[in-house]
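For reference, the structure is listed below as structure tokens.
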Amino acid sequence: MLNFFSRKYLRKFLKRKDSDAGQKGRALEDLRASLLNEFRSSEGAKRLQQRFCGPATALTFNFLVAVGIIFMNKMVFQTIKFKYPILLTLIHYLVSWFLMAVLKVLSFLPASPSSKSTPLSTLFSLGFVMSLSTGFANVSLKYNSIGFYQMAKIAVTPSIVLAEFVLYRKKVSLQKVLALVMVSIGVAVATVTDLQFHFFGACVALAWIVPSAVNKILWSRLQQQENWTALSLMWKTTPITLVFLGAMLPSLDPPGVLLFDWNFRNTLVIFSSAVLGFLLQLSGALALGATSAISHVVLGQFKTCILLLGNYYLFGSNPGKISIFGAFTAIAGTTVYTYLNLKQQSNKVPPKQAPILPKSKLSNENGSTRDGHYGAESV
């Protein structure tokens, strides 16, 4: 009799457990189906990106990946002696394209907006400046010191401010200008002791400034003004970038790539650098979509100062008191700039009335028309 009741309650328990497992399984399947449905439209994919990757998440992700790839590329260029910066950039984008193709096969690549919303010439321009920006940056790092590279990067900030004012009538407040000047002076002072450069490398660094500024502006504007997500924009522009990098390869890389020792260790290091390169491109695109071109540059300068101070406090490196003072000055300027941004955002959009639709959608619903030009903005 006892065994009968025991078996009866055991069957009920197992049946209830199977039912709970079935409900959990259906819940997971519903969640997966919901995410896939969001991915099938550019508007839904944009909402997912905004929901799961806000400014703080995007900037932190980009900061961590950028620090990691610095050490990995240092290993590529100095440890395994791979002296082909354009080819390394080409490998990065090939691996990125392959990983995105895998995501597309698995239906995890977000949908792109219709071709009518964004002219093909804009995507072509973005792919072109991406090849110049990333290619020239690696060439500059090969021939110049880190300090000179950072000095050239300082010039990107005023270039972005000037370009956004000319193209979009976007103005920067006096308080932010002072904070940006503080950051630039701090980085200049922090890196002034390391200004070794090659004449050809200096020319490449100067040629890199304008494409880098335009690249960041386009990435930011297309995501914020259109329904582009980071991955969908990367998927569309990467083939264009690969073509231009292939064209740059013979003129900017030295000969002898076939003589390089492509053993398992060296190949693994280069492949690891390429995977980090994909994550850097993705995190950078997310950060530009969530913030602005200037904020992304300020983050890069903040990263430089953190690395300098980290080497000093953790590894005993002694860059000198002047460099340390410059690093703290730049960090203070970055803090002020971030505070001004957060203050402006809190005043601009009340939390309970924050718009879900992108700006272009809201303007259409309000009856305004878009002719490709934007009104004056103040940041």
Side-chain angles (χ1 to χ4, degrees), residues 66 69-98 123-156 159 191 194-219 234 237-262 266-267 269-281 284-285 297 300 304:
I69 200 171
I70 285 175
F71 292 107
M72 183 58 68
N73 281 351
K74 186 176 181 180
M75 185 181 296
V76 170
F77 287 123
Q78 296 185 6
T79 304
I80 69 174
K81 306 297 182 183
F82 188 80
K83 301 186 180 299
Y84 309 96
I86 300 296
L87 179 59
L88 179 65
T89 309
L90 185 68
I91 293 172
H92 281 196
Y93 279 97
L94 280 171
V95 171
S96 296
W97 185 85
F98 172 76
L123 298 177
F124 183 85
S125 300
L126 179 55
F128 174 63
V129 296
M130 278 174 60
S131 65
L132 295 180
S133 176
T134 52
F136 285 175
N138 282 338
V139 173
S140 175
L141 280 172
K142 177 187 174 183
Y143 287 98
N144 304 318
S145 65
I146 297 292
F148 187 84
Y149 174 76
Q150 292 300 329
M151 291 291 286
K153 186 182 286 188
I154 292 174
V156 176
S159 300
T191 57
D194 184 26
L195 291 181
Q196 302 173 4
F197 64 93
H198 185 278
F199 176 75
F200 175 72
C203 294
V204 171
L206 292 175
W208 165 80
I209 293 171
V210 174
S212 178
V214 174
N215 180 48
K216 294 179 186 299
I217 291 171
L218 287 178
W219 272 102
M234 287 168 60
T237 55
T238 296
I240 303 170
T241 304
L242 287 171
V243 171
F244 283 105
L245 284 173
M248 293 164 59
L249 193 62
S251 58
L252 292 178
D253 268 2
V257 64
L258 296 179
L259 300 177
F260 180 74
D261 186 10
W262 292 93
N266 292 349
T267 304
V269 170
I270 293 173
F271 179 75
S272 300
S273 172
V275 173
L276 284 175
F278 166 70
L279 294 177
L280 180 66
Q281 186 186 2
V297 174
T304 301

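The structure presented is a predicted model; accordingly, all values stated were derived computationally and were not measured.
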| message | When you compare the side chain of P85 with that of F77, does any pair of heavy atoms fall below 4.5 Å? | response | yes
| message | Can you confirm whether more than 12 heavy atoms, excluding those of F98, are under 6.0 Å from its CZ atom? | response | no
| field | Side-chain donor or acceptor of T134 paired with backbone N/O of M130 under 3.5 Å | value | yes
| Shortest non-hydrogen contact between Q281 and S96, atoms and distance | OE1-OG, 3.7 Å
| field | Side chain proximity check, N73 to L88, heavy atoms < 4.5 angstrom | value | yes
| Ignoring hydrogens and geometry, is there a side-chain-to-backbone donor-acceptor pair from Y93 to G277 under 3.5 Å? | no
| message | Assess the residue pair L252 and F200 against the criterion (side chain to side chain contact (heavy atoms under 4.5 Å, CB included)); give the C-alpha distance rounded to whole Å, side-chain angles, the decisive distance to 0.1 Å, and a yes or no. | response | CA-CA 10 Å; L252 292 178; F200 175 72; 3.8 Å; yes
| query | So how far is it from C203 SG to W208 CH2, rounded to the nearest 0.5 Å? | reply | 15.5 Å
| query | Which heavy atom in S212 sits nearest to a heavy atom in S133, and how many Å separate them? | reply | CA-OG, 3.6 Å
| message | Could you measure the distance from the CG atom of L245 to the CD1 atom of I86? Nearest 0.5 Å is fine. | response | 6.5 Å
| query | Does a side-chain heavy-atom distance below 4.5 Å link I270 with I80? | reply | yes
| field | Side-chain heavy-atom pair V139, M248 within 4.5 angstrom cut-off | value | no
| G246 to L90 - nearest heavy-atom pair and separation | N-CD1, 4.2 Å
| task | Flag the pair W262 / V257 as yes when at least one side-chain heavy-atom distance between them is below 4.5 Å, and no otherwise. | result | yes
| query | With a 4.5 Å limit on heavy-atom distance, are the side chains of L132 and F244 in contact? | reply | no
| field | Pairwise distance CD1(I69) to CG(L280) - rounded to 0.5 angstrom | value | 5.0 Å
| request: Might you point out which heavy atoms bring A207 and P211 nearest each other, and give the distance in Å? | output: O-CD, 3.0 Å
| message | Could you report the tightest heavy-atom contact between M72 and V269, atom names first, then the distance? | response | SD-O, 3.9 Å
| Would a 4.5 Å heavy-atom cut-off, applied to side chains only, mark N266 and K81 as touching? | no
| Quick one: CZ on F136 to CD1 on I209, what's the gap to the nearest 0.5 Å? | 12.0 Å
| field | Derivation and outcome, side chain to side chain contact (heavy atoms under 4.5 Å, CB included), residues L126 and V129 | value | CA-CA 5 Å; L126 179 55; V129 296; 4.2 Å; yes
| query | Can you name the closest pair of heavy atoms from S140 and V204 and give their distance? | reply | N-CG1, 4.1 Å
| So, do W219 and T237 sit near enough that their side-chain heavy atoms are less than 4.5 Å apart? | yes
